[in-house]
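Data first, discussion second: the structure below is written as structure tokens.
Both counts, for ligands and for their atoms, begin at 1 and track the order of listing. FYI, side chains are in, hydrogens and waters are out, and symmetry mates aren't considered; it's all heavy atoms of this structure. Residue numbers run from 1 in the order of the sequence given.
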Amino acid sequence: MSPSAGTLRVAVLAGGRSSEHEVSLSSAAAVRDGLIEAGHETVWVELARDGSWCVDGRPIDVTPGGGLLDADVVFGALHGPFGEDGSVQGLLEMLDVPYVGAGVPASAVCIDKVLFKRLMATAGMPQVAYVGLSAERWQAHPDAALAEIESLGLPVFVKPAHLGSSVGISKASSAQELRRAIGSAFEYDELVIVEAASTGLEVECGVLGVLGSERAQAFASEPGEITFASEFYDYDAKYAPEGMGLLVPARISPAAREQVMALALATFELVRCDGLARVDFFVEGEEVLVNELNTMPGFTPTSVYAKLLDASGVGYTELVDRLCRLALARHRELAGYRR
Ligand SMILES: Nc1ncnc2c1ncn2[C@@H]1O[C@H](COP(=O)(O)OP(=O)(O)O)[C@@H](O)[C@H]1O
Ligand SMILES: [Mg+2]
């Protein structure tokens with residue numbers, strides 16, 4: 001496709017400070033290629049692990065209200081803390097530049113597995129039982145915490161509250177494993193979540209915002225089923241070659257499929273997400289439980305999100321283009337309010 005009047009200058013943010021730095025580099029490189037394919041101009045902004053932002057190896061300066069590198073829109077292909085958690089989104093708000101995806105509150109809520117589950121509970125959304133555990137509580141009242149966790153039964157999943165890519169997650173099947181799992185999750189985070197284990201299939205659904213409609217309105221993709229040989233969908237399963245498979249459509253009943261798609265949209269709206277999301281589920285027969293909403297899922301053409309959208313008729317080039325247009329539309333819309 002050749003550049004046209006609709007050509008945008010897009011700053012692609014890559015890397016970042018989280019443990020998902022490398023994953024982000026892959027997502028961002030694919031986004032850049034897709035944007036070029038769509039006829040846009042790109043600026044590669046590399047966010048180093050130390051927090052600096054560089055273009056062509058040189059650190060950049062930013063000024064509040066001054067935009068970012070003359071970009072029309074920013075595509076932050078960043079995963080995890082300091083990227084997908086509202087912090088970069090807040091900075092981009094202060095620079096007053098349109099950016100792809102969720103804003104500050106949705107990003108912040110969805111990166112926090114405890115806050116997310118609490119919000120879901122207020123709306124009666126189906127999910128596993130859980131216990132949120134702060135480092136202070138674990139230190140001050142471990143026995144009371146363990147008594148509460150006992151009500152979840154065994155096995156349980158123990159996770160750092162703010163990470164992704166399964167980093168720091170373990171499955172515990174005994175009291176001894178539980179203590180070890182909690183200790184290891186606290187190496188990553190000051191907040192840990194312990195969850196009852198679901199035995200369901202893992203099913204994921206992509207959500208894409210719809211231009212020209214209400215902000216929160218969106219489209220749900222065909223759900224896909226994740227397959228893996230490991231005990232759960234851990235880091236290696238996610239990133240090792242052949243570690244996982246994706247079945248589209250998922251091997252679930254028509255009613256469960258409808259339910260997954262409806263809950264994906266309901267979750268997207270409940271957290272007031274924007275642009276895109278991948279909503280992940282456990283499907284136990286006819287029962288569908290929401291696991292999490294990722295505001296910036298892995299984003300290469302072979303990532304689950306892109307494959308689900310592709311299976312639903314939106315190819316990768318069109319996808320990255322539409323996300324930029326949605327970002328521009330949202331920025332214009334929000335600029336119209338007297339705040
Ligand atoms: N409550 C649970 N029941 C069963 N499996 C779980 C549960 N929580 C997590 N898992 C397993 O761990 C994986 C990663 O957990 P998840 O909450 O999705 O964290 P991440 O944000 O790192 O992807 C899931 O895809 C699933 O395989
Ligand atoms: Mg997950």
Tell me the protein heavy atom at minimum distance from [atom], and give that distance in Å.
atom: atom 18 (O) of ligand 1; value: E292 OE2, 2.8 Å
atom: atom 13 (C) of ligand 1; value: Y233 O, 3.6 Å
atom: atom 24 (C) of ligand 1; value: E202 OE1, 3.5 Å

Under a plain distance cut-off of 3.5 Å, with no hydrogens placed, do [Y] and [X] share a side-chain donor-acceptor pair?
X: T300; Y: S303; result: yes
X: S198; Y: E284; result: yes
X: K307; Y: T302; result: no

Does some non-hydrogen atom of N291 fall short of 4.0 Å from ligand 1?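 Per 4.0 Å heavy-atom rule, N291 contacts ligand 1.
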So is A237 in contact with ligand 1, going by heavy-atom distances below 4.0 Å?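 No heavy atom of A237 comes that close to ligand 1.
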May I ask you to check whether [X] has an N/O atom sitting below 3.5 Å from an N/O atom of ligand 1?
X: K113; answer: yes
X: D280; answer: no
X: F282; answer: no

With H162 as reference, evaluate L115, D85, V114, I111 under the side-chain contact (heavy atoms from CB on, under 4.5 Å) test and give the passing residue.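 Result for side-chain contact (heavy atoms from CB on, under 4.5 Å) with H162: I111.
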N/O donor-acceptor pair under 3.5 Å between S312 side chain and E222 backbone: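 Yes, the answer is positive, given that a donor and an acceptor are paired below the 3.5 Å cut-off.
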Is it possible for you to check whether R278 lies under 6.0 Å from the centre of the six-membered ring of Y305, through NZ or CZ, and within 45° of that ring's axis?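 Pair R278/Y305 does not count as cation-pi.
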Would R330 count as a cation-pi partner of Y99, with NZ or CZ less than 6.0 Å from the six-membered ring centre and within 45° of the ring normal?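 Yes; both conditions hold, so R330 lies above the ring face of Y99.
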Nearest neighbour of atom 23 (O) of ligand 1 from the list E204, R278, K238, on a heavy-atom basis: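 Considering heavy atoms of E204, R278, K238, the nearest to atom 23 (O) of ligand 1 sits in K238.
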Just going by heavy-atom distances, which of P155, P297, S166, A129 is nearest to atom 22 (O) of ligand 1?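 When every heavy atom of P155, P297, S166, A129 is considered, S166 comes closest to atom 22 (O) of ligand 1.
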Give the atom numbers and elements of ligand 1 that come within less than 4.0 Å of a heavy atom of [X].
X: I169; value: 14 (C), 15 (O), 19 (O), 22 (O)
X: K159; value: 8 (N), 9 (C), 15 (O), 16 (P), 17 (O)
X: L163; value: 21 (O)
X: S198; value: 2 (C), 3 (N), 4 (C)
X: A197; value: 3 (N)

Specify whether an N/O/S atom of E292 falls short of 2.8 Å from the Mg ion (ligand 2).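 Here the distance criterion (N, O or S atom, under 2.8 Å) is met by E292, so yes.
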Side-chain contact test, heavy atoms from C-beta onward, threshold under 4.5 Å: evaluate it for S170 versus F157 and give yes or no.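 Contact flag for S170/F157 side chains = no.
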Hey, are R49 and E22 close enough for a salt bridge, meaning a charged N less than 4.0 Å from a carboxylate O?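 Answer for the salt bridge query: yes.
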